[in-house]
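Report on the following structure.
Residue numbers count from 1 along this sequence. These numbers come from the heavy atoms of this one structure, side chains and all, not from hydrogens, waters or symmetry mates.
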Amino acid sequence: MRKVFLIFILVFPLLLQASKKSILIKAQELLNRGEVDSALVLLRPLLSERKPSKEGGQAYFLAVSAYYRLGVIDSVLSLSGVFLNRYRKSVYRDNVLYLRGKALGELGEKEEALKLFLQAIKTKNGKLRESIRTSILQLFEGPEKEAASKLLEEGKLGKRLEKTKRVDILLPLSAFPSLSEEFLRGFRLAGPGDIEEKIWDVELKKSRAIQLVRKISGMSTSLVIVALPSEQADEVAPLLNLSLLPSLYPLSEDLSLVEADGMAYPFVRRYYDEIDRLLEYAARKGLEKLALFYPDVPLGNSVKNIIYRKLSGYGLEVVLAGRFRADTLAFRELKPILEERGCQAVIIPGITGNGMLLAAHLRYEGVDMPILGLEGWGDELASRWGGRFIENVVFVKPTAGLKGDVRRDTEKRDLMKSYQARYGGSPSTVAQMGYDAGNIVKALFSGGPLNPFQVKEALDSMAIYPGVSGYILLYPGKRFIKYYTYRNGRAVELKEE
């Protein structure tokens, strides 16, 4: 009897193991046939065992797979969490990481899903590795998908999940030392906190810019500030988008950066949205045939290009276009030409003082058709140059309400005082843009380190920033842009009909 008992003790674990294997085989067969509920019932005893075993790990994997097929995401997350804690060396670990990542991705937790996928993609299982790669790319849309694919191949995608307080600033230190110094003065007066500031000198050569961005893309950084003129900024922006690095463009006046559909945030994007609002107004009023007069400066040319690209979407056309230079002191008679072309309204962006002078000239000539403009019409320059002739000009400008305006005024006074005390004189426009960039950085990192995806999310949620250099739209913001006109020499809001 004693011998029988000893034999039973020796054989029972083998029988139990054989029983577990048969359960797993049967459960797999049921899953293959689509009988998911039956498979889960069969696996239940193995899921409740106290001591982790090889078979138990496989049972958890099969159960996670079953619940994912059923779309029961809570159970997927619950069981996969238990598995990852208990079965750290299981051969099914990569599979479970993948399924948990898929579940989190369906809940919109892109960042957490990506972390798990990047752990699981190290698997030796080629088929699973390809599925994980596909799932990673599904987390991204548009140009970001191409960027993620490139970084994944280069082994750099994981860097975008590392939280830092590092900000890289690209400046033309050698080419434009005064401009660079002014920008840094404003940036540092904003007191952006305990960030890790890395300054790069971008020689005005395309090859140098490409080399620098490639170098930065392999590092752990959270934000890049491109304080370069428009031409050089345009070369850098696509490279940073392909590196999935959010970037601010304080100095660039190229509105096409807005259309890059990446992680680029030009300070002038407000003009892009203002153009939409202005064309909406023209379309609503039936002003289909437009004349466009724009200043021959980088921003003026950029505004002109965007207007032309947007016209057809509103059923409008420009039937007369012209540009004027900063040294223009007189204008030829335009009334006959406008009438001959059948113009119903004139767009003058109002970026320079001569734009206001041109509007006054048109009114003096007796041109009484609507004159439409952007935010430049709302400053002191407009009333000084346009005088009584700009009454009833319709223009658009962004606002965050009284609270935003008060904040802007306060920030301006603080900057003037700080700049005067440290450097003497008044801050230039470049210094003001540097100050705005510094304040945005301070707001971003006030809660601690962030990774690039979190920085993008924070910038998008910030939406509009009342900067001293002007309102800065960080996200499509037509709702912040209001219509204005002049009445008795004062700019007043024009209520929408």
Side-chain angles (χ1 to χ4, degrees), residues 253-261 265-295 299-322 338 341-351 355-356 358-359 362 367-379 382 386 390-401 404-405 460 463-466 470-487 491-497:
E253 296 184 332
D254 185 359
L255 293 176
S256 66
L257 284 175
V258 180
E259 299 177 325
D261 194 25
Y265 295 85
F267 278 20
V268 292
R269 88 146 290 142
R270 62 187 184 272
Y271 290 104
Y272 189 88
D273 294 310
E274 286 177 22
I275 290 169
D276 268 318
R277 291 287 276 158
L278 200 65
L279 297 181
E280 280 177 10
Y281 179 88
R284 194 166 65 246
K285 296 293 185 180
L287 308 173
E288 297 176 2
K289 294 188 175 184
L290 306 170
L292 170 63
F293 299 116
Y294 60 94
L299 183 56
N301 283 283
S302 188
V303 164
K304 179 260 296 182
N305 292 336
I306 298 300
I307 287 176
Y308 271 105
R309 288 211 281 277
K310 289 177 177 286
L311 281 172
S312 60
Y314 293 95
L316 308 174
E317 63 174 322
V318 168
V319 295
L320 177 65
L338 291 167
R341 298 292 179 88
C343 295
Q344 296 170 291
V346 179
I347 295 179
I348 305 174
I351 296 165
M356 288 74 170
L358 173 58
L362 290 174
V367 175
D368 59 0
M369 66 183 65
I371 294 177
L372 313 178
L374 304 181
E375 70 174 70
W377 286 98
D379 60 25
I390 63 171
E391 289 286 301
N392 299 316
V393 166
V394 175
F395 63 97
V396 290
K397 69 173 184 174
T399 178
D405 291 340
D460 288 346
I464 184 168
Y465 180 80
Y471 274 106
I472 299 166
L473 292 182
L474 298 161
Y475 195 71
K478 287 197 292 182
R479 68 186 185 279
F480 297 113
I481 297 168
K482 308 296 182 183
Y483 296 109
Y484 291 83
T485 189
Y486 274 96
R487 300 271 168 77
V492 296
E493 185 174 346
L494 189 63
K495 299 299 180 182
E496 296 185 52
E497 297 174 3

Exercise. CG/Leu292 to CG/Leu311 distance, rounded to the nearest 0.5 angstrom?
Worked result: 8.5 Å
For this session: Tell me, with the steps shown, if Asp273 and Tyr475 meet side chain to side chain donor-acceptor pair (under 3.5 Å).
Result: CA-CA 10 Å; Asp273 294 310; Tyr475 195 71; over 6 Å; no
Exercise. Within a strict 4.5 Å, meaning less than it, do heavy atoms of the Tyr265 and Asp460 side chains meet?
Worked result: yes
Exercise. Is any side-chain heavy atom of Glu288 less than 4.5 Å from a side-chain heavy atom of Glu317?
Worked result: no
Seminar exercise, completed: To the nearest 0.5 Å, atom CD1 of Ile481 lies from atom CG of Leu278 at 10.0 Å
For this session: State the CG-CE distance between Leu338 and Met369, to the nearest 0.5 angstrom.
Result: 5.0 Å
Exercise. Looking only at heavy atoms, which two atoms of Leu290 and Ala282 are closest? And how far apart?
Worked result: CD2-CB, 4.4 Å
Seminar exercise, completed: Shortest non-hydrogen pair, Leu255 vs Val268, comes out as CD2-O, 3.1 Å
Problem set entry | Side chain to side chain, Tyr314 and Asp276, heavy atoms closer than 4.5 Å | yes
Exercise. Checking Glu493 side chain against Lys482 main chain: does a donor-acceptor pair fall under 3.5 Å?
Worked result: no
Problem set entry | Among Tyr483, Tyr484, Tyr486, Phe395, the one residue meeting side chain to side chain contact (heavy atoms under 4.5 Å, CB included) with Leu494 | Tyr483
Problem set entry | Gap separating the CG atom of Asn301 from the CD atom of Glu253, nearest 0.5 angstrom | 10.5 Å
Exercise. Who pairs with Arg341 by side chain to side chain donor-acceptor pair (under 3.5 Å), at least two apart in sequence or on another chain?
Worked result: none
Exercise. If every non-hydrogen atom of Ser256 is compared with every non-hydrogen atom of Ser302, which pair is closest and at what distance?
Worked result: N-OG, 4.4 Å
Problem set entry | Value rounded to 0.5 Å, distance of CD1 in Ile371 from OG1 in Thr485 | 10.5 Å
Seminar exercise, completed: Between Arg269 and Leu473 the two heavy atoms that sit nearest each other are CG-O, 2.7 Å
Exercise. Taking all non-hydrogen atoms of both residues, which atom of Val303 and which atom of Leu374 are closest, and how far apart?
Worked result: CG1-CD1, 4.0 Å
Exercise. Hey, is NZ on Lys289 packed in by over 12 heavy atoms from elsewhere, all under 6.0 Å?
Worked result: no
Problem set entry | Side chains of Lys285 and Pro370 in contact at under 4.5 Å (non-hydrogen atoms) | no
Exercise. With a 4.5 Å limit on heavy-atom distance, are the side chains of Ile306 and Val258 in contact?
Worked result: no
Exercise. Backbone N or O of Ile348 within a donor-acceptor pair of the Trp377 side chain at under 3.5 Å?
Worked result: yes
Exercise. How close do Pro398 and Arg270 get, heavy atom to heavy atom, and via which atoms?
Worked result: CG-CD, 4.0 Å
Problem set entry | Interatomic spacing from CG in Asn305 to OH in Tyr294 - rounded to 0.5 Å | 8.0 Å
For this session: May I ask you to decide if Val492's main-chain N or O and Arg487's side chain share a donor-acceptor pair within less than 3.5 Å?
Result: no
Exercise. Should Arg277 and Glu280 be marked as a salt bridge (charged side-chain N to carboxylate O under 4.0 Å, His left out) after you check the CA-CA gap, both sets of side-chain angles, and the distance that decides it?
Worked result: CA-CA 5 Å; Arg277 291 287 276 158; Glu280 280 177 10; 3.4 Å; yes
